[in-house]
Every structure is written in structure tokens, then in C-alpha cells.
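Remember, it's a predicted structure, so these values are computed and weren't measured experimentally. Proteins come first, then strands; the chains are lettered A, B, ... in the order of their sequence lines, and each starts at number 1. Hydrogens, waters and symmetry mates play no part in the numbers below; they use all other heavy atoms, side chains included.
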Amino acid sequence: TQLLEQSPQFLSIQEGENLTVYCNSSSVFSSLQWYRQEPGEGPVLLVTVVTGGEVKKLKRLTFQFGDARKDSSLHITAAQPGDTGLYLCAGGLVGSSNTGKLIFGQGTTLQVKP
Amino acid sequence: GAVVSQHPSRVICKSGTSVKIECRSLDFQATTMFWYRQFPKQSLMLMATSNEGSKATYEQGVEKDKFLINHASLTLSTLTVTSAHPEDSSFYICSALHNSNEQFFGPGTRLTVL
């Protein structure tokens with residue numbers, strides 16, 4: 001059973017289009033991170049959200065944490081070829097011992113064509 | 001931001017040999033580090049949690065005698081793949097826990113076992 005469902009898993013769009021990636025769970029998270037990974041490299045942290053309903057913006061990227069802290073979304077406006085990569089959401093579960101362990105979504109492979 | 005290094009970046013070895021991978025937090029101390037394995041175009045699979053000064057905690061299905069973890073200092077964790085076989089070929093990534101809820105990742109190690 002996947003604790004954190006990420007969708008879509010693959011996305012191929014044209015430069016200039018908008019897109020949204022979703023992460024959903026029935027579990028509550030104390031925090032949720034979004035990472036971007038390029039082939040052959042480690043994931044790079046984009047943002048951490050910790051408060052229900054929180055919205056954070058990073059240039060053309062908008063991250064939202066659901067009110068109940070069970071879901072999150074990443075919206076990219078006017079996508080560019082440089083946005084191409086694997087996007088991963090990851091959450092820390094509430095209630096478990098504070099190990100810092102993260103639950104990862106399946107990842108979204110984004111391809112932005114020029 | 002927090003920087004994590006990993007060495008080597010890629011290694012090729014013969015079947016039956018052992019390979020050691022190092023993970024270092026460069027500008028912060030990390031009592032907890034994590035080791036992941038990643039297959040092409042897939043998400044990260046947590047192998048174990050490395051705790052400074054104590055035994056690592058392995059995820060279900062991960063052989064602790066095959067994947068030896070040592071976390072001897074607050075900035076260094078090592079993963080040794082013992083008696084490596086071709087099926088161990090993969091991309092191994094470490095991360096270090098920062099501020100109790102954020103993981104910063106190393107650049108990964110590509111292991112190829114011939």
C-alpha cells in the first residue's frame with residue numbers, strides 16, 4: 001500500500017503550458033517536502049511546508065499544503081525546458097517516533113518540450 | 001543551504017568484492033542519515049536509517065549483513081555493500097537530517113557490479 005500517492009507519474013508538455021502535480025494520503029503529515037531530481041544526481045529540496053493551508057511560492061512554482069495536512073500540490077506556471085526532471089513529494093508522519101524518516105511519493109517525471 | 005557530499009560518484013567492481021560508499025554532511029552535524037536505493041525513473045526506496053553512535057535501523061527486506069552501515073561521527077556515514085553481485089547494481093543515495101524534518105541529499109553513487 002502506497003502511503004503517499006503522487007500523480008501523474010509521467011507528464012510531457014510544451015513550453016509555456018501550466019501543470020499541477022498532486023500528492024495525496026489518508027495519513028496526516030507533520031511536514032511535507034518537494035524535491036526535484038535530475039538524472040544521475042541526488043534530489044534537491046525545493047520547499048518544506050508545515051502548516052495546514054500553507055502556500056509557498058518559488059518563482060513560477062507554487063506549493064500548497066492541504067488544510068488537513070494530508071495532501072499537497074505543486075503548480076508550475078509557464079513551464080520551461082529547464083523544469084524537466086523528476087519531482088518527488090515526501091512527508092513526515094505525525095504520531096510516529098521522531099526519526100526524521102520520510103515517506104516518498106512515486107515521483108512525477110516531467111518533460112517540457114521547447 | 002545544507003550540503004551533503006557522497007563518494008565515490010560511480011564505481012565499477014567485480015562480483016564478490018565489497019564496495020564502500022561515504023556520505024558526509026559538509027556544513028552541519030547530522031546525528032541521523034539515511035541510505036536509499038533508486039532504480040531508473042522510480043522513486044527512492046529507503047534501505048536504512050543510520051544513527052550516530054548506535055546501530056542502524058534497516059527497513060524490511062534489507063539484509064543488514066549485506067549492507068553494512070557505520071555512522072562513526074556526526075558528519076560521516078558509510079555504506080558497505082559486501083560480496084556484491086550484479087543485482088546490487090543501482091544508484092545509491094544518502095541524505096542527512098537537518099532541523100529534525102528536512103533531509104538534504106548527496107549526489108548519489110552509481111554502482112555497477114560486473
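- Transitive grouping of hydrophobic side chains (ILVMFWY, heavy atoms separated by less than 4.5 Å) keeps B/Phe67 and B/Met45 in distinct clusters.
- Of residues 46-73 of chain A, those residues with a non-hydrogen atom less than 4.5 Å from any non-hydrogen atom of chain B are, in numerical order, A/Thr48, A/Val50.
- Atom OH of B/Tyr58 has more than 12 neighbouring heavy atoms from other residues, nucleotides or ligands inside a 6.0 Å radius.
- Residues A/Val112 and A/Val21 fall within the same hydrophobic cluster, defined by Ile, Leu, Val, Met, Phe, Trp and Tyr side chains chained together at heavy-atom separations under 4.5 Å.
- Hydrophobic clustering (side-chain heavy atoms under 4.5 Å, transitive across Ile, Leu, Val, Met, Phe, Trp, Tyr) keeps B/Leu111 apart from B/Ile93.
- Contacts between A/Leu102 and chain B at a heavy-atom distance below 4.5 Å involve backbone atoms as well as side-chain atoms.
- Of the possible polar contacts, none joining the B/Ser43 side chain to the A/Gly107 backbone as a donor-acceptor pair under 3.5 Å is found.
- Annotation: side chain of A/Leu86 is in contact with side chain of B/Gln38 (closest heavy-atom distance under 4.5 Å).
- For NZ of B/Lys20, the number of neighbouring non-hydrogen atoms (other residues, nucleotides, ligands) closer than 6.0 Å is 12 at most.
- Linking ILVMFWY residues whenever their side-chain heavy atoms come closer than 4.5 Å, directly or via other members, leaves B/Phe91 and B/Val11 in distinct clusters.
- Residues B/Ile21 and B/Phe34 do not share a hydrophobic cluster, clusters being chains of Ile/Leu/Val/Met/Phe/Trp/Tyr side chains in contact below 4.5 Å.
- Annotation: maximal heavy-atom pairing with chain A below 4.5 Å, among B/Leu44, B/Asn51, B/Thr32, B/Thr57, occurs at B/Leu44.
- Residues of residues 26-40 of chain A lying within less than 4.5 angstrom of chain B, judged on heavy atoms, are A/Ser31, A/Gln33, A/Tyr35, A/Gln37, A/Gly40 in numerical order.
- For chain A, the nearby part of B/Gln42 is the backbone; its heavy atoms alone come within less than 4.5 Å.
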